> 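Please find one structure pasted underneath; my questions will follow.
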Amino acid sequence: MILISGAASKISTAGRVLNAMNRRSYSSARFIAAESLNPRSDDSTSGLRASSRKKRLKQVDLDPLEKESTRGINSARKDTFALPDIEDSPYKKTNGSASSRTSKLNSYIKSTEASTSAEISGKPPDHWEKVIEGIRKMKSSEEAPVDTVERDRTGSFLPPKERRFYVLIGTLLSSQTKDHVTTAAVDRLLQNGLLTPEAIDKADESTIKELIYPVGFYTRKATHVKKVANICLTKYDGDIPSTLEELLSLPGVGPKIAHLVLHVAWNDVQGICVDTHVHRICNRLGWVSKPGAKQKTSSPEETRVALQQWLPKEEWVAINFLLVGFGQTICTPLRPRCGTCSITELCPSAFKETPSASSKLKKPIKSKKP
């Protein structure tokens, strides 16, 4: 009996092994069949692997210094000074034909002209004049970084044509960069005689890149600066474009930069210059919303269109510098200083984004394992 049971157990064990081998061979056969029906070249996973390889290649191609600069920008977002997004309009991100890009540019220009030429039809928010007056009083008592830039960005010490180019390049470099970093970069270009279209067109791109470092995305901006200089030389006789459409066609120039350059360089106000400070504060104050909805605007461009519907045109220039300075000193992106703000009674967002002192005590305390 003992021998029979031992033999039976050995047979059952052998049977389980054979069954496992059969299942494995069956699954292998199914895999081979699937591979024959779906060649690897058409396999979706290969497409995913190819796209991931492309992503890795793009990361490898990034300049190590630019990685460091970009990392600094991301960490700087935690500071009290917010940084505007780099200006690449949607029509510049397409890889289609030149005609499709031109079509998208033209549609943008039409919407811009329609919003600026139409009469102010939106209903102004309650007490908006008191809010602006209160912000002006607070701003006059505390100098913001934008105040220094406002004094320096006009280039009034230069001849007219060089002054306009100075304004264009300085504004182009300011995107995704703190004000004092932009000012230092422009000064280095000026000291090295590289603030004219002729000088930049002859200079090496690597030289420009070294001089403007560490402005945000300095490698890409060095390329844009070279292209802009060449366009100004060949198409505008060394001057800069004088229309919104022509400015928007320049590499790296989006709506915010175009409107600002048009005003500062040509004294032509066609729209409000809206950056992240203006966008954030207008939404906090409840001044803007999406068309036909009470939702906040989702982009600076939406904020610009909504703001122009009711804000008097004589305020279009002043509102940018006013809210940017206010956003740099008091109404900051993180932990706004509502306790020192004098318009909290008129602000629907007052104290709502300020973390309470007791919030830290509510976090669960992790007990150490013995």
Side-chain angles (χ1 to χ4, degrees), residues 84 86-89 92 105 109 145-146 148-271 273 275 317 320-321 324:
I86 191 164
E87 289 226 311
D88 276 322
S89 299
K92 292 186 180 180
L105 175 59
I109 296 298
V146 71
T148 304
V149 176
E150 185 178 356
R151 290 193 295 266
D152 296 342
R153 72 171 27 151
T154 59
S156 56
F157 53 90
L158 295 170
K161 188 183 290 189
E162 293 182 18
R163 182 186 70 83
R164 289 190 286 268
F165 188 75
Y166 173 95
V167 169
L168 175 59
I169 298 302
T171 310
L172 180 60
L173 295 180
S174 68
S175 181
Q176 280 280 19
T177 308
K178 287 186 177 182
D179 295 329
H180 69 278
V181 176
T182 303
T183 302
V186 174
D187 286 344
R188 287 191 295 271
L189 289 174
L190 187 62
Q191 290 168 6
N192 286 271
L194 290 177
L195 260 182
T196 63
E198 296 83 2
I200 290 179
D201 190 52
K202 294 177 182 177
D204 294 333
E205 191 172 310
S206 58
T207 302
I208 298 172
K209 186 170 70 172
E210 291 174 3
L211 289 174
I212 67 174
Y213 175 82
V215 301
F217 300 93
Y218 67 95
T219 297
R220 191 191 309 177
K221 287 180 181 178
T223 303
H224 288 165
V225 166
K226 284 280 293 180
K227 290 180 178 179
V228 166
N230 183 263
I231 292 171
C232 289
L233 277 176
T234 56
K235 292 186 65 176
Y236 303 102
D237 192 28
D239 210 336
I240 70 170
S242 59
T243 67
L244 186 65
E245 181 176 3
E246 290 172 323
L247 284 168
L248 285 168
S249 68
L250 296 177
V253 175
K256 185 199 74 171
I257 291 177
H259 282 294
L260 187 57
V261 170
L262 199 62
H263 163 60
V264 178
W266 294 105
N267 196 27
D268 184 4
V269 180
Q270 293 192 23
C273 176
D275 64 0
V317 174
N320 174 265
F321 297 114
V324 169

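Computed over heavy atoms, backbone and side chain alike; hydrogens, waters and symmetry mates excluded. Position 1 is the first residue of the sequence; numbering continues from there. For clarity, every value in this text was computed on a predicted model and none was experimentally measured.
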> To the nearest 0.5 Å, how far apart are NZ in Lys235 and CG in Asn230?
11.0 Å

> For a quick test of reading the model, state the closest non-hydrogen atom pair linking Leu173 to Ala185 and the distance between them.
CD1-CB, 4.5 Å

> Under a 3.5 Å cutoff, is there a donor and acceptor pairing between the side chains of Thr207 and Glu210?
no

> What's the separation between atom OH in Tyr218 and atom OG1 in Thr223, rounded to the nearest 0.5 Å?
11.5 Å

> Identify the two heavy atoms, one from Pro241 and one from Glu246, that lie closest to each other, and give their separation to 0.1 Å.
CB-CB, 3.4 Å

> Verify, without hydrogens or angle tests, whether Arg164 (side chain) and Asp239 (backbone) share a donor-acceptor contact under 3.5 angstrom.
no

> Using modelled atom types only, decide if a donor and an acceptor are shared between the side chain of Ser174 and the backbone of Thr171 within a distance under 3.5 Å.
yes

> Start with the C-alpha gap between Ile169 and Val186, add the side-chain angles, then the distance that decides, and say whether side-chain contact (heavy atoms from CB on, under 4.5 Å) holds.
CA-CA 8 Å; Ile169 298 302; Val186 174; 5.6 Å; no

> Rounded to the nearest 0.5 Å, how far does CG of Asp268 lie from CG of Leu247?
9.5 Å

> Starting at OG1 of Thr219, measure out to NZ of Lys209 and round the result to the nearest 0.5 Å.
4.5 Å

> Between Glu162 and Thr196, do the side chains contain an N or O donor and an N or O acceptor separated by less than 3.5 Å?
no

> Is the distance between the ring centroids of Phe165 and Tyr236 less than 6.0 Å?
no

> Spell out, as yes or no, whether a donor-acceptor pair under 3.5 Å connects the side chain of Lys161 to the backbone of Asp237.
yes

> Of all the heavy-atom pairs spanning Cys232 and Leu168, show the shortest one and how long it is.
SG-CD2, 4.4 Å

> Any chance NZ of Lys227 has more than 12 other-residue heavy atoms, nucleotides or ligands included, within less than 6.0 Å?
no

> Could you go through the side-chain contact (heavy atoms from CB on, under 4.5 Å) check for Val181 and Tyr213 one step at a time?
CA-CA 9 Å; Val181 176; Tyr213 175 82; over 6 Å; no

> Checking Lys221 side chain against Ser175 main chain: does a donor-acceptor pair fall under 3.5 Å?
yes

> Of all heavy-atom pairs between Pro255 and Leu248, which one has the smallest distance, and what is that distance?
N-CD2, 3.7 Å

> Just by distance, do the side chain of Thr177 and the backbone of Gly216 share a donor-acceptor pair under 3.5 Å?
yes

> Can you tell me if Asp201 uses its side chain to pair, donor with acceptor, with the backbone of Pro197 under 3.5 Å?
no

> To the nearest 0.5 Å, what is the distance between NE2 (His224) and CD1 (Ile231)?
10.0 Å

> When you measure from the side chain of Lys226 to the backbone N and O of Ile200, does any donor-acceptor pair fall under 3.5 Å?
yes

> About how many Å separate CG of Leu195 and CG of Leu158, when rounded to the nearest 0.5 Å?
8.0 Å

> Thr182 versus Lys178: any side-chain heavy-atom pair under 4.5 Å?
no

> Give a yes or no on whether the backbone of Leu211 and the side-chain of Arg188 come within a donor-acceptor separation of less than 3.5 Å.
yes

> Check Leu244 against Ala258 and note the closest heavy-atom contact, atom names and distance.
CD1-CB, 3.7 Å

> If you take all heavy atoms of Ala265 and Ile240, which pair is closest and at what distance?
CB-CD1, 3.8 Å

